[in-house]
Each structure stands twice: as C-alpha cells, then as structure tokens.
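Fair warning: this is a prediction, and the values are worked out from it, not measured in the lab. Below, chain A is the first sequence line, B the second, and so on; all start at residue 1. Because only heavy atoms are used, hydrogens play no part in the values below, and waters and symmetry mates are left out as well, while side chains stay in.
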Protein chains: 2
Amino acid sequence: MQYAPDVATPEPAPEARSLRGRSAAHVAERIRERILSGELPPGERLSERSLTEGLGVTRTPLREAFKILETEGLLAIVPNRGAQVVELSPADVDMAMELLAGLESVAAELACARGTDEQFAEVARLHARMVACQRAGDLVGYFRVNQDIHQNIVDCADNPALSRVYRTESARVRLYRFAGNRVSARWSRAVMEHEQILLALQQRQGPLLRELLRAHHLNGWRVTRRVLENELQPDL
Amino acid sequence: MQYAPDVATPEPAPEARSLRGRSAAHVAERIRERILSGELPPGERLSERSLTEGLGVTRTPLREAFKILETEGLLAIVPNRGAQVVELSPADVDMAMELLAGLESVAAELACARGTDEQFAEVARLHARMVACQRAGDLVGYFRVNQDIHQNIVDCADNPALSRVYRTESARVRLYRFAGNRVSARWSRAVMEHEQILLALQQRQGPLLRELLRAHHLNGWRVTRRVLENELQPDL
DNA sequence: GCGACGATGTTTGCATGCAATACGCGCCCG
DNA sequence: CGGGCGCGTATTGCATGCAAACATCGTCGC
C-alpha cells in the first residue's frame, strides 16, 4: 500500500487513483456504513489507531471524518477521550421518530402535488420487492427496501433540502427502528399499510397520504418502542 | 468539578483555560458567526493562511472546522481548491424555505399541545421587543428578534431533534431571508401576522397556528424572492 | 488489607513538514 | 496581437512529530 515503495512509483496504484482531496469523505462513508450496518454498535469506542490501520489512511483525514460524522449525529467526540458511536435513549429515538413522521407528512402533500408518474412507478416496484422479501422471510432485505420506499416517497416531493435532512435524520435512528420489524404481527400489518400508502400516492390524495404516513409511523414506533424497552420479545 | 482545584494549577492562563479538545468547534463557531453576519459573504473563498493567522490556530483544527461547516451546509470544499462560503440560488432558497415552513407547521401542533405557559410568555416578550425594534426602525435588531421568535416557537414543541434541524437549516438561508425584510410594506404586515401567530399559540389552536405560520412564510418568501431576483427594490 | 499516589505506556490534540495540485505570469509561436 | 505553454510560487492534502491528557498497574503509607 502506501508503505513507501521508495522510488519509481509516481502512481500509487492503477485502481485507486487520485483519492486526494476526498480522503476524509471516503473514510466517513466507510465508517458510516459500518455504523449503519451495526458492525460498530452504539457505544462502541473508535480507536484512531485501529481505524487508521484498517482503512489505510493516517490520522489526519480520519479525524476530519470524525468531525463530519459527529456533525451528522452518528458519533460523539469526547475531548481527550476520542470518538464513540452515539447511543440513543428511547426518548431520543422518540423525538427522532416524531421528526421523521413530521418530515414525511410535509413530503406527502408535496409528493402528491409534484411527483412524477415515473417516480411513483419506482415506489411501486420497490413495494413489490418488499412484498417479495416478506414472502421469502428476508427480514434484512425487507427492512432495507422499506427504508428505500420511505426515502423515495420523500424524494417525490422534489425538494433536495428535505430529502437530505430526511436521509441524515433517518440514518441516525436506523439501527433502533430495525428492532420493531422483528415482530411478525407488525410485519404483516405494515405491508397492508404500505399498500394503502402506495394507493394514496398514486391517486395523489395528499391529505390522506399524510394521515396514512403519520399513522404508519405511529403504529410502527409503538411496537418498536416496546421492543426497545424490553416489554416485547421479537419473534423473528 | 473536574477543574482540579487541588494545588498549583498548572493552567497556562486564567482566561483561556484548556481549550484543548475544543479547538475545531471553537473555530467553527467563529467562522459560522462571520458567515451569518455577512462578514464572509456567499462565494467568498476562505484561505487557510489568513484564517489561521486571524484565529490564532494552526491548519489542523481549522480544516476540521471546515469539515463541520461543510456538513452543516455553510461551506463548500472543492478538492485542492479550498473552502468557500456556499452560494445559494433562488431555487435553493425556495427549497429551504419550503422545508423551514414544513418544520414550523410540524412544530406548531406539537407546540400547542406541549408548550408551557412560561415558554409562551417568553415568545410574547420577544414579540414585544420585536415591535419595539420596528418602532425604532432598528432593522437588524428586528430581524434578529424575529428569528429568535420563530426558533422559540419551534422549541416549544419540546423536541430537541426538531429544534436542532430547524436551527441548522434556518442558519443556511439566514442571509438570503434578510433581504425580504428590507421592504417597508412587508415589514408592517409581518408584525400583524405575528400578532395572530402569538394569539393562536397562546390559545393553543394548533391547526390555526399551523396555517398562520404557513401563510406567514409564504407571504414573506414571496416578497424576499422578488428582492433576490431584483424585481423589487428594498426601500429600507 | 485497603486506598491513594505515582510511574509508565498509550491515546489524543495540535503543530509542522513534505508532496501534489492549482494559480499567475511571462514567453513563444502562430 | 492573441492564445497556448511552461515555469515559479502559493496553496492545499496528508503524513508525521511532539506534548498533554488518560489509563493501567505497582507501590507505598496508613
């Protein structure tokens, strides 16, 4: 790698060309993936040494990536004690879910007013894939497609700022929401709710879509919260 | 606390104690202030050299601060060409205003449901100060208090995530919104709208407050957009 | 025996150094 | 006379070095 092949190597590698100037962003992306996948769980302390070795960069771009992820709300940096993955209390997730539900209600009416039929068709395709995942019992795939559907609905509002905020805030709580999908009763009902949501979107019924999304969020979060608070055991 | 009042405090200075570990955040705050005050206008290129000299830090924390501000949407960092203050097109501001209006509508109902009378009283105090600024012709003071009022209303929703997002997104467009307040006809009408908003809040009429805020935003932004597009000359 | 203290290795925070890229400017050629 | 090219300088991107803070553990005093 970059371990000083001394002379005669102007190019670092034929494949990884010119990452210069994007190092921190690249490292942040890698760490973000690991956090969102659960590989780096909430509370995990991130040592600069191990990450630099694992990612093949030095501490400077790594520390810049930490600042990015801290601003996104994924890391907490404690002075002189390094970075750790943010741990959210049920109350924190509660607040975040309220925000996400609010963002989706705002998006709902805009999406019905401005979304293109092509965008709606894409949501419908995702919906079909989600149903397929459910049938196949593929919980992870289901959850990922589910997230994609909600992001796509928000994107239908055709407001980049709204989409960006929704994406960032959604990422913050992704791990916590996953818990609620591990309950079979909720799973089948969520799919039915999605059917209605898709219909309302395609028929451009803004106020209805708004209420459906709000209710969908509320229902899902009610179950998830009980799981997080250990009042309900996942059965999947 | 952790300031070890033990013995012989080896603190370098009584005033600037232990900034270690907070350098980047401190620098980011300073630069943020300069951007929001207009001292660093949109498009301005930020040279590392001049900023390090002006702020008394080295390039490492400064570059970390750049990453923070980039993530907040205040700076754009072009690889190998440094950082510059983000320049928003009227369309960008349009999208941002739509988002802010949406966040306020979400906050409206929550604020009416959960806000305390003390919080409402604070909004009322700010409103009085705003009116005083208007009477005194203090445009800058008026604008600042105006921002405070809107932030306070959002804060009444008692949702930290919502407050944080509103604050960040509001900051991104602060400079652009200011233009619209430089029109006298809009100024007096905005104050009237605020009277109604305050009343609806105090009477906890969520849906009404929601609509009033939406209309208030729409009215304000309509004027501001015309100023930004040079179709309307400020008369203040 | 127990707790506080201190030595030492580890980790973080920031300064500095080096290499790569961008930029300004004069020159050459058309 | 204008445009492209090359060179020198400035600036950025990242690696490394050094000092402060932390942590771990052994020792000492009580």
Side-chain angles (χ1 to χ4, degrees), chain A residues 1-14 16-31 40 44-71 75-85, chain B residues 1-13 16-31 40 43-71 75-85:
Chain A
M1 313 311 250
Q2 78 274 40
Y3 308 132
D6 295 350
V7 279
T9 315
E11 308 220 346
R17 82 221 176 275
S18 190
L19 210 53
R20 180 187 166 94
R22 263 156 273 247
S23 198
H26 176 77
V27 169
E29 175 59 26
R30 286 307 207 69
I31 298 175
L40 294 172
E44 178 92 348
R45 196 168 153 188
L46 274 55
S47 131
E48 295 185 359
R49 168 175 294 270
S50 63
L51 280 174
T52 51
E53 287 170 0
L55 295 169
V57 292
T58 53
R59 294 174 56 218
T60 308
L62 175 66
R63 288 174 56 81
E64 290 177 359
F66 279 1
K67 295 296 184 190
I68 294 172
L69 295 167
E70 181 187 35
T71 308
L75 290 186
I77 299 179
V78 184
N80 294 319
R81 303 209 339 203
Q84 57 187 90
V85 181
Chain B
M1 302 331 221
Q2 76 269 39
Y3 304 133
D6 293 349
V7 276
T9 51
E11 307 207 350
R17 76 196 181 289
S18 191
L19 209 53
R20 181 190 165 93
R22 261 156 276 245
S23 198
H26 176 76
V27 169
E29 174 61 26
R30 284 308 207 68
I31 298 175
L40 295 171
E44 179 92 348
R45 199 168 150 184
L46 274 56
S47 131
E48 294 184 358
R49 171 175 294 270
S50 63
L51 281 174
T52 50
E53 287 171 359
L55 294 169
V57 292
T58 56
R59 294 175 55 216
T60 307
L62 174 66
R63 289 175 54 82
E64 290 177 359
F66 279 1
K67 295 295 184 192
I68 295 172
L69 296 168
E70 182 186 34
T71 309
L75 289 186
I77 298 179
V78 184
N80 295 318
R81 301 213 300 188
Q84 56 187 91
V85 181

Give me, pair by pair, the N or O atoms of the protein and of nucleotides 22-24 of chain C that are less than 3.5 Å apart, along with how far apart they are.
| unit_1 | atom_1 | unit_2 | atom_2 | d |
| --- | --- | --- | --- | --- |
| C:dC23 | OP1 | B:Arg81 | NH1 | 3.3 |

Dump every N/O contact between nucleotides 16-20 of chain D and the protein below 3.5 Å, one line per pair.
| unit_1 | atom_1 | unit_2 | atom_2 | d |
| --- | --- | --- | --- | --- |
| D:dT16 | O4 | A:Thr60 | OG1 | 3.2 |
| D:dG17 | O6 | A:Arg59 | NH1 | 3.4 |
| D:dA20 | N3 | B:Arg20 | NH2 | 3.3 |

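Nucleotide C:dT10 holds its P atom 8 Å from the CZ atom of A:Arg49, rounded to whole Å. Protein atom NE2 of B:His26 is 11 Å distant from nucleotide atom P of C:dC14, rounded to whole Å. Taking atom CZ of A:Arg22 as the reference point, atom P of D:dG13 lies 10 Å away to the nearest angstrom. Following rounding to the nearest Å, A:Leu51 (CG) and C:dT10 (C1') show an atom-to-atom distance of 16 Å. Rounding to whole angstrom units, CD1 of residue B:Ile77 and C1' of D:dT11 are separated by 14 Å. What separates CZ of A:Phe66 from P of C:dC14 is a distance of 14 Å, to the nearest Å. Rounding to whole angstrom units, CD of residue A:Glu48 and C1' of D:dA21 are separated by 13 Å. Across the protein-nucleic acid pair, A:Leu55 atom CG and D:dC14 atom P stand 14 Å apart, rounded to whole Å.
Phosphate proximity of C:dC14 to B:Ser23: present, with a side-chain N or O under 4.0 Å from OP1 or OP2. Between A:Arg63 and C:dG13 there is a side-chain polar atom (N or O) within less than 4.0 angstrom of OP1 or OP2.
Legend: residues meeting side-chain hydrogen bond (donor to acceptor under 3.5 Å, both in side chains) with B:Arg45, ordered by chain and number and at least two apart, are absent.
In this structure, A:Glu70 CD and A:Arg63 CZ are separated by 10.5 Å, a value rounded to the nearest 0.5 Å. Taking CG from A:Leu46 and CD1 from A:Ile77, the interatomic distance works out to 9.5 Å, rounded to the nearest 0.5 Å. Interatomic distance, CG of B:Leu40 versus CG of B:Leu69, reported as 10.5 Å (0.5 Å rounding). With rounding to the nearest 0.5 Å, the separation of CD in A:Glu29 from CD1 in A:Ile68 is 10.5 Å. With rounding to the nearest 0.5 angstrom, the NZ atom of A:Lys67 is 11.5 Å from the OG1 atom of B:Thr71.
Annotation: side chain of A:Val27 is not in contact with side chain of A:Leu51 (no heavy-atom distance under 4.5 Å). Taking 4.5 Å as the limit, some side-chain heavy atom of A:Glu64 sits within range of a side-chain heavy atom of A:Thr60.
Of the possible polar contacts, one joining the B:Thr52 side chain to the B:Arg49 backbone as a donor-acceptor pair under 3.5 Å is found.
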